[in-house]
Asks: 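Please find one structure pasted underneath; my questions will follow.
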There are 2 protein chains.
Amino acid sequence: MTKPRSRRGGGRPTIADVARKAGVGAITVSRALREPGRVSEDLRRQIQAAVDELGYVPDPNARALASARAEVFGVLVPSLTNNVFAEVVRGIYDSLSDSPFRIQIGNTHYSGLEEERLLQVFGSQRPAALIVAGIDQTPGARRLLENAGCPVVQVMETGPDPVDMMVGFSHLDGGRTATEHLLQAGYRKIGFIGARMDPRSQRRLAGYRAAMEAAGLFDPRLITTTPVPSSVSLGRELFRDALAKMPVLDGVFCNNDDIALGVLFECHRASLDVPKQIGIVGFNDLDMMQVSFPSITSVRTHRYEIGTRSVGMALAAIAGNPPEQRIVDLGFELVRRESTAR
Amino acid sequence: MTKPRSRRGGGRPTIADVARKAGVGAITVSRALREPGRVSEDLRRQIQAAVDELGYVPDPNARALASARAEVFGVLVPSLTNNVFAEVVRGIYDSLSDSPFRIQIGNTHYSGLEEERLLQVFGSQRPAALIVAGIDQTPGARRLLENAGCPVVQVMETGPDPVDMMVGFSHLDGGRTATEHLLQAGYRKIGFIGARMDPRSQRRLAGYRAAMEAAGLFDPRLITTTPVPSSVSLGRELFRDALAKMPVLDGVFCNNDDIALGVLFECHRASLDVPKQIGIVGFNDLDMMQVSFPSITSVRTHRYEIGTRSVGMALAAIAGNPPEQRIVDLGFELVRRESTAR
DNA sequence: CAGACAAATGGTAGCGCTACCATCCCTATG
DNA sequence: CATAGGGATGGTAGCGCTACCATTTGTCTG
């Protein structure tokens, strides 16, 4: 007769099986796995042997239930295909790959309501930390973050009023820097082209506007935007619209690099010389900016580092020593290339 | 005196709180939430009111522990930034957004060992389904998939021996079709350029080779590959290498669209006329292929659909009616554009 | 050498939920 | 009108793990 195995448990070894095999109490196995320092060398070895032999893997659900804390990082991003967030997420994954923490990604589709819903779902798991993109949470989302009972890192942007911690940079400064560069290069009728005008895009636009106004060159007809998601083909279309509206255009600051690439291709098609007739500046500095012909000036942002840094701050907070500096500005760099060299 | 609240539970309402407020048993609340049809209209309304009032959200950990089944889809992809997988993942997210299922993504970094490790971790959660990229699992990974006790969908490729279900297409046929198109357009010295030669890239190369051999034009010196991850700048470099090795090159089939774009830019720089002197074909048909100047012929693949379809099959299997057809070939389409029109 | 104290180990009692098995009540049947 | 059968509801007993509080042992102090 086999011993009466649990009906439900699917036959996987449990901590009790390991304890029996190692001849110790279950709690000691638990400790050996979580706080090896508190178990004697001898027992630790015996337990490890039993774990290996049985192929025991702790059940994270049971662990979470018993300790009222799941080893999960909740991550909220507005898009999964946008290269910008993909890089941040990659940084997060790489930073957590050797830790016991799992990652749960939520896609808000740029919707505040969806963000609230996902925070509700995430909250029910009692995550170890939350990393959310952006600083413009709805009041409801903000309340959920404040009551999450875990470290929270807002990423992509910096701002004055963090829920807990922040890692990012100033999109407004980025937009201004890009525009000032075009001005310094001698361009005058500089357009702004932007798709998916999320809050960060809006602030880049504000930076553009500030620079243009300071130069006394601002004209609202220079701005061409759409709420449609960004793409290279959209960049082409928007640039055509912009040119139709303002044929005198001699430069464009693009909301992002996809748009900039689309603009460049349209210039080729229309036989507009870049940088002589049109100057182009992108945003984010994707790899292809340095390869294109002509290569495209862009504002380099540190997306992967935003991911790694946010994890580092959250881990520190979990360990009980939250970072001194709760707001980390990783800055950006203007990378000058052929598209604005005239 | 307040009633002695649990020390550990952080104060969130539990199913017992809802039951008390609604004046029913806890199990009835549980049923009302999971199988509304089995609870009378009246009670259902009362319970819903109590849930809303208390802001009750079920604890997924407790649920998973009690039912020995977590409402989680495990997803294993080799890269998070590669647009191809990002699209698949987006399809998966969109298909599951209205379901109770959460998604857990693992990044294998193209490593079989890492894949095994992640399957081990995922398995400990008893996921509702597993979706894994590729069909070349290590023997260990394959065993873990077979013993996962849940539906498994292998995606991106089709092959003869599914663990359970498959959704994808034939990369070999895709490579052959692309190459045959170049041959039909009159190109003869057709090179293959590929980065990150994962199993799918290898099969595209095999398709290229088959077509070239059938035409009596195969020459191993036409092949330029590297294990380095793909990028636009790498495409440019590899093309330069290829030209240096074989100056007679008159066409290239690129492993993917990033490479193809790099090749196009290098042609611009070197003043090589596309398509007259050099024909270019990409793979995947990203949006930018249609916009570039000249536009680039590519093999369109149905990445988003791979994601949605794999979820559909898994959900059907979970519901007890696994699809008749366990292997779904979504095919591909050659999209002819300017880069091969001479 | 008693007493204090720390380190190592274990027992017990849940964490919040659902599987399983009652129980109850109502309707249909002969 | 007794009985069977089905639908609605509830009680009990865990799921696998860890927090909390012993208990045991060894070591150091005065």
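Residue numbers begin at 1 in each chain, while the letters A, B, ... track the order of the sequences.
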Asks: Just by distance, do the side chain of Arg44(B) and the backbone of Pro36(B) share a donor-acceptor pair under 3.5 Å?
Replies: yes
Asks: Between dG16(C) atom C1' and Leu54(B) atom CG, what is the distance in whole Å?
Replies: 15 Å
Asks: Round to a whole Å and report the spacing from CZ of Arg38(B) to C1' of dG6(D).
Replies: 12 Å
Asks: Where the side chain of Val39(A) is defined as all heavy atoms beyond and including C-beta, which of dG10(C), dT9(C), dC17(C) is the nearest nucleotide?
Replies: dT9(C)
Asks: Looking only at side-chain N and O atoms, does Ser40(B) come under 4.0 Å of OP1 or OP2 in dT9(D)?
Replies: yes
Asks: Salt-bridged, Glu87(B) to Arg90(B), with N to O below 4.0 Å?
Replies: yes
Asks: Measure from the side-chain heavy atoms of Ile27(B) and tell me the nearest of dA19(C), dG16(C), dA8(D).
Replies: dA19(C)
Asks: On the side chain of Arg31(A), is there an atom forming a donor-acceptor pair with the base of dG10(C) - under 3.5 Å, no angle test?
Replies: yes
Asks: Taking any heavy-atom pair under 4.0 Å as a contact, classify Arg34(A): base, sugar-phosphate, or nothing.
Replies: sugar-phosphate
Asks: Rounding to a whole Å, what distance do you find between Asn61(A):CG and dG16(D):C1'?
Replies: 10 Å
Asks: Find the distance Asp59(B):CG to dT18(C):P and express it as a whole number of Å.
Replies: 10 Å
Asks: CZ of Arg63(A) versus P of dC15(D): gap in Å, rounded?
Replies: 18 Å
Asks: OP1 or OP2 of dT9(D) sitting under 4.0 Å from any side-chain N/O of Thr28(B)?
Replies: no
Asks: Output the distance between atom OG (Ser124(B)) and atom CZ (Arg63(A)), rounded to the nearest 0.5 Å.
Replies: 9.0 Å
Asks: Can you name the closest pair of heavy atoms from Glu116(A) and Thr138(A) and give their distance?
Replies: OE2-OG1, 2.7 Å
Asks: Of the listed nucleotides (dC17(C), dT9(C), dG10(D)), which one gets closest to any side-chain atom of Ile15(B)?
Replies: dC17(C)
Asks: dA19(C), OP1 or OP2 - any side-chain N/O from Ser67(B) closer than 4.0 Å?
Replies: no
Asks: Using the side-chain heavy atoms of Arg126(B), tell me which of these nucleotides is nearest: dT18(C), dG10(D), dG16(D).
Replies: dG16(D)
Asks: Taking CG from Leu33(A) and P from dC17(D), how many angstroms apart are they, rounded to a whole number?
Replies: 9 Å
Asks: Starting from P on dC17(D), measure out to CZ on Arg12(A) and report it in whole angstrom.
Replies: 11 Å
Asks: Which nucleotide sits closest to the side chain of Thr14(A): dT9(C), dC15(D), dG16(D)?
Replies: dG16(D)
Asks: Could you check Ser30(B) against Ala26(A) and say which one's nearest nucleotide on DNA chain C is further toward the 5' end?
Replies: Ala26(A)
Asks: To the nearest Å, give me how far apart CG (Leu65(B)) and P (dG14(C)) are.
Replies: 17 Å
Asks: So, Asp42(A) and Gln46(A): side-chain donor and acceptor under 3.5 Å apart, yes or no?
Replies: no
